[in-house]
Amino acid sequence: MSPATTKFIVTIGDATETVEVSGQAPRYRVTIGSEVWEVDGRLTAQGIYSLLLGGASYVADVRDEGGSCVVDVGDERYVLRVEEETRHIIRTRGRSAAGAGPQTLVAPLPGRIVRISVKPGDRVEKGDTLLVIEAMKMENEYRAASEGTVAEVRVVPGQAVNGGDVLVVIA
Amino acid sequence: MSPATTKFIVTIGDATETVEVSGQAPRYRVTIGSEVWEVDGRLTAQGIYSLLLGGASYVADVRDEGGSCVVDVGDERYVLRVEEETRHIIRTRGRSAAGAGPQTLVAPLPGRIVRISVKPGDRVEKGDTLLVIEAMKMENEYRAASEGTVAEVRVVPGQAVNGGDVLVVIA
Amino acid sequence: MKINKVLVANRGEIAVRVIRACREQGISSVAVFSDADREALHVLMADEAYPIGPPPPAESYLAIDKLVRVAKASGADAVHPGYGFLAENAAFAEACGAAGLVFVGPPPAAIRALGDKTAARRIARTLGVPTVPGTFEPVSGAGAMRAAAREIGYPLMVKAAMGGGGKGMRVVRSESELENALALARSEAAYAFGDGAVYLERYLAEPRHIEVQVMADSRGRVIHLGERECSIQRRHQKLVEESPSPFVDASLRERLGEAACRVAAAAGYVNAGTVEFLVDAERNFYFLEMNTRLQVEHGVTELVTGIDLVREQLRVAAGEALGYQQADVVMRGAAIECRINAEDPFSGWMPSPGMITGLRAASGPWVRDDSGAYEGYTVPRFYDTLLAKLMVWGVDREAAISRMARALAEYKVVGVLTTIPVLAHIVAHEDFRAGKLSTGFLDRILPTLTANRDRARSIAIIAAVLAEYERIGHRTDVEPPSPSDNWRLGRRPGWR
Amino acid sequence: MKINKVLVANRGEIAVRVIRACREQGISSVAVFSDADREALHVLMADEAYPIGPPPPAESYLAIDKLVRVAKASGADAVHPGYGFLAENAAFAEACGAAGLVFVGPPPAAIRALGDKTAARRIARTLGVPTVPGTFEPVSGAGAMRAAAREIGYPLMVKAAMGGGGKGMRVVRSESELENALALARSEAAYAFGDGAVYLERYLAEPRHIEVQVMADSRGRVIHLGERECSIQRRHQKLVEESPSPFVDASLRERLGEAACRVAAAAGYVNAGTVEFLVDAERNFYFLEMNTRLQVEHGVTELVTGIDLVREQLRVAAGEALGYQQADVVMRGAAIECRINAEDPFSGWMPSPGMITGLRAASGPWVRDDSGAYEGYTVPRFYDTLLAKLMVWGVDREAAISRMARALAEYKVVGVLTTIPVLAHIVAHEDFRAGKLSTGFLDRILPTLTANRDRARSIAIIAAVLAEYERIGHRTDVEPPSPSDNWRLGRRPGWR
């Protein structure tokens, strides 16, 4: 049994939306700020959702990527964070502004360090390249998620790394 | 935990085979009468099995159709009944020969009776046409599964029937 | 005029076919669906979709008023009927016209003229196009019937004047069967087409069924796109089609095409249509009827000519001239279509509706899959059994056949039974490979198609036993699944 | 000689492509697989399949001795290398020959001669085929290098002599960068190809990358099958290819084809190969290199010519004559290929391995999907990211582009991230539609490809929120599922 109306906090890009949902599969009412949608929504295959909104037909692929929700609609991609309101409040209470604070760059896959663009003590801005890893026969750049100062570089060029290895720590 | 070796009774066509299986996914040993097979078997999708038998690669579709197991291998179709040995013994103990005895023809889908070929009292042989139903825009013949005498005909030509309706009873 | 939005008054693979063509032309598509079809592929693929009522066709896909209302309400400016349902219904074409909607098909008058088979036969006769010996008017009255029958000679066929799709047809081998057959044909015709009128035709033993694709624009140009061979049938329903026909040479093709174009022109035909002929062993051909719609098997013609028929339909309906002259129509290679139906060919073609729990369609070089199904889709019980049309192209017929055999071997459907195993036997059959085709082919080879043949018997036993072994094993397995197992466990239900 | 059984020394979609061709020719196929590939599609589709070791290519797909041993043990009489891995490895071709196995590809000598880019440049030069200004021998020594560089002029490129696939390449804009770039290129080349030799070439700004497909038999006949345009690249890796090139007219096609055939003939080439050219704005072309293998993008050539290249490869390898003369090669319409890779284009093309939990491939009219994936397949982390090659054919380039846009919109992959969204933007881009292509195209438009654009924002929010709403809802739902729900519940894990 879901409650009559459930409130969600949706973070998309830099914006935050309050979204209310009520109803039962397949008929829902969804309120996004001032927009109200009557939705006929069906799960037609894993992660593939069919939505009818007053006649308009959409297929949306929804999947989880490391905690955030990635949605493809047609050729557009959206990355969102969806939280039931109370959970959102608990999580964010007394937290510092998103993005700031220390960050740790971890190798997502096994690979080989091709080159390293920073050294301890370097000041980095959000988006600065930290290092390049070769994996699956391709070179991949890894960038700083937010500004900070490089505290540690735990790898050297040419080194093989495993998924999960800590590569760079930014204070 | 499956036991070291499990015995199955397989009925295929008119033949019956005793089959022994041991091992754990994905490596099994299967003994069919005198044949012994070392099998690398994987479930690659629902009902779609990949089998490697000493290098030979097969894909088999396995599914349940009303209690019997239908297997497609390449363009060949097989209809089998597979039972763990003890269950088979329990089921068959003191039963009359397969196929004999009373039978009831039930409509598998909603449809319309096109024509009826038998009347109460008629003697029917296995395979004799009992009646024809139109469903999904096609006419389908239903035949006697074994010999017997028509006890009841519960429908008339032109009548609409629902899935599950009893149509003919043969004593 | 420009067409901006098309309502597709159909369902399944043909609705998907039309929606794809619309998208490729930058035209918005509007799907309609019965309560049984909310999750059908055409609903998922269209730009818009609207409910039109309960599952029975009479209350949804055949409900002219509802369809016209939805078309207007959605702002569509045209309606594509697909095939079947209302595709050859003149009243529907008229209703669209009256509502200011472009009907993507021929004018109502042409649909009427050709919908009555006896009227169509009269048109052919006046043009000097050979017809199967028989009556040119509906016949009634035992006396007149017997006289006409004697003139034609036995065996002969009783056919519904307004019929099609093999319904309301009866073979009569002697005068003694005549009256009874007549009564049956009349009642079938009345039930199926709301008109009991029947006529007589000589029965040709194992003729070839060959049809010619024509395309006409509103400026008076009529061209043909070569023939299709549709002789592989069961109960007058096509199962395998191909183009070109292995039996038709260039000269016969030209004669057939020329005759087809003349019939279409005489009937004031516009848009895509198909003229059916019977061809006997001596390559004599006889006009049978003209289908005033896009044919199920239009794809094989597309693959050999490179011409997109649905695109041309939309262009012609918008008043544009055909994009091709007869000389532009060049056939390259050979194409074959196999109809994958949800039926059990091993028990009298019984329909097999239900959920498709596993689906792996054939693909790769020169394979075309026009499907209305997807994994997880439930085939409803209310409509015909066609799931997908599997087509291949090859540089020649032999290459196309080998490719079709390969594609059928790849095509996996789990959850419902399909015609795939029988199709595989057909394309592997030496008579088929030799081009020895006739409407009697399938009935002839069916007895040889038995289940449980030795070839892969041990493999089948192993697969079935392992499935059961795993099922039993997992029953006693109490430890909770690791996340990565979820998917497999999710699929376990299939292993009952 | 007749080829009866072919071992396919590769994996993924190209192994599937070759296995399909074998099946269509009545040839048995033998797959090989690393421990990471037991459930890969090529293993499922082959007639036989054998393990060849651990996931790292060096221990499996590059292990010449293992491959030859399995080929002999399985009774194969030929080996098809596909592309990548050992496809251009002369030692492998020799090892096959020594073991009495037909290598489906060029003779070792031709592989060697053309594998060294400087040697290939020398061949072109002696034939009078224009080459990009640069050195015709590997260069070494700072002095010689600087001298050569001055002669060529800046900007220039440092390239690995034994290289390919964009590795071991560096652009040098001024003399100050030369030595450093050289060192880097050398080390990259040494790491990637086991040979650090490099040479210099003038750098052409945004040139077109155009390649010509050639096919040669062992009787001395060499023909070309027209060109492919491969200018849409990221980091020297192709993403979109098409044939014909919108930039190439009949006369340039003939000149390119003639030059390509001469290079192939001079190198004693047999079987399928590709000659790469750079073409500048004035339609001057420069020989770049010859790839001695079947190309990833061979399919677009097949779609416009109707010629099955893998079939011809097998025929030629069996010593048969080519089935076509140059005059038989007729290009019809236009074909485009998009590479669907398991990568996240929105975060630096980072690879996205993992299980494909949902897959709905595009299909329908003139859509070809050459894929190595299926629903439930786990993309391993050890190999390149190519999942599928989506190809379309159209009567002209505009029709092909519209069809590709339609097909990309249909293609759904869930569980791993793919290049599909970026591909959709590329084919929708006005410059692409206008045929304004260059190797700089993608870098130019990438900045405009950002996530979270307004267009379907509300739809995305609704879908994401409903998924979470259902997940929460079902947590509190304690009643046992009805059997018919099993399937849906089975799919629930995807809704995290």
Side-chain angles (χ1 to χ4, degrees), chain B residues 1-2 6 8 10 12-13 15 17 19 21 23-25 28 30 32 35 37 39 41 43 45-49 51 53 56 58-65 69-84 108-111 114 135-143 158 163, chain C residues 84 165 191 235 237 342-344 346 348-353 357-358 360 375 381-385 405 408-409 412-415 417 420-425 428 451-453 455-470 472-473 476-477 488 490-496:
Chain B
M1 300 301 302
S2 350
T6 312
F8 296 90
V10 177
I12 178 167
E17 302 270 6
V19 182
V21 184
Q24 298 281 342
Y28 310 89
V30 181
I32 307 174
E35 308 169 17
W37 301 87
V39 182
L43 179 60
Q46 180 173 358
I48 301 180
Y49 224 130
L51 302 176
L53 306 165
Y58 296 94
V59 173
D61 304 354
V62 182
R63 55 195 172 284
D64 176 70
E65 295 289 338
C69 177
V70 176
V71 182
D72 286 347
V73 183
D75 58 357
E76 301 290 348
R77 172 165 296 170
Y78 300 84
V79 182
L80 314 81
R81 176 167 197 139
V82 180
E83 286 174 302
E84 193 276 321
L109 335 163
V114 176
M136 287 176 91
K137 293 171 68 185
M138 291 179 36
E139 298 191 352
N140 307 286
E141 278 192 344
Y142 294 84
R143 297 193 168 79
Chain C
Y191 175 81
R235 301 190 200 149
Q237 292 186 312
E343 301 167 12
D344 181 0
F346 295 106
W349 309 97
M350 178 169 136
S352 176
T357 53
R360 204 169 291 167
E375 186 166 309
R381 314 178 144 183
F382 306 97
Y383 312 110
D384 72 33
T385 60
L408 286 166
K412 305 287 175 199
V413 182
V414 183
L417 296 169
I420 290 171
V422 163
L423 292 166
H425 278 88
N452 302 329
R453 309 201 316 173
R455 219 176 78 207
R457 187 172 182 275
S458 298
I459 309 306
I461 291 175
I462 290 168
V465 168
L466 288 186
E468 180 68 6
Y469 180 73
E470 282 298 312
I472 296 173
T476 59
D477 170 2
R488 289 225 181 295
R491 292 175 173 294
R492 284 264 175 247
W495 288 85
R496 265 163 295 137

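Keep in mind that this is a model prediction, so the values were computed, not measured. Below, chains carry the letters A, B, ... as their sequence lines are ordered, and counting in each starts from 1.
- Proximity to chain B is absent for every atom of C:Ile420, based on heavy atoms less than 4.5 angstrom apart.
- Taking both residues in full, the closest heavy atoms of C:Ser458 and B:Trp37 are given as CB-CZ2, 3.8 Å, listed atom of the first, atom of the second, then distance.
- Taking 4.0 Å as the cut-off between side-chain N and carboxylate O, B:Glu35 and C:Arg457 do not count as a salt-bridged pair.
- A donor-acceptor pair is defined here as one N or O able to donate and one able to accept, closer than 3.5 Å; such a pair exists between the side chain of C:Tyr469 and the backbone of B:Gly23.
- When every heavy atom of C:Val414 is checked against every heavy atom of B:Val62, the shortest pair comes out as CG1-O, 4.3 Å.
- Here the straight-line distance linking atom CG of B:Leu51 with atom CD1 of C:Ile459 works out to 6.5 Å at 0.5 Å rounding.
- In terms of non-hydrogen atom pairs under 4.5 Å with chain C, the most contact-rich of B:Asp72, B:Val70, B:Val114, B:Val59 is B:Val59.
- For the set B:Val71, B:Val30, B:Asp61, the count of heavy-atom pairs under 4.5 angstrom toward chain C peaks at B:Asp61.
- A salt bridge is defined here as a Lys NZ or Arg NE, NH1 or NH2 lying under 4.0 Å from an Asp or Glu carboxylate O, and C:Asp344 with B:Arg77 meets this definition.
- Contacts between C:Val413 and chain B at a heavy-atom distance below 4.5 Å involve the backbone alone (N, CA, C, O).
- C:Ile461 contributes atom CD1, which lies 6.0 Å from atom CG of B:Leu80 (distance to the nearest 0.5 angstrom).
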Criterion side-chain contact (heavy atoms from CB on, under 4.5 Å) on C:Leu417 and B:Arg63, from CA distance to verdict: CA-CA 10 Å; C:Leu417 296 169; B:Arg63 55 195 172 284; 3.7 Å; yes
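- Within the 4.5 angstrom heavy-atom criterion, atoms from both the backbone and the side chain of C:Ala464 approach chain B.
- Contacts with chain B were tallied for C:Pro353, C:Ala428, C:Ala409, C:Ser352; C:Pro353 has the most, counting heavy-atom pairs under 4.5 Å.
- Taken to the nearest 0.5 Å, the CZ atom of B:Phe8 stands 4.0 Å off from the CD1 atom of C:Ile472.
- Between B:Tyr49 atom OH and C:Leu466 atom CG the span is 4.5 Å, to the nearest 0.5 Å.
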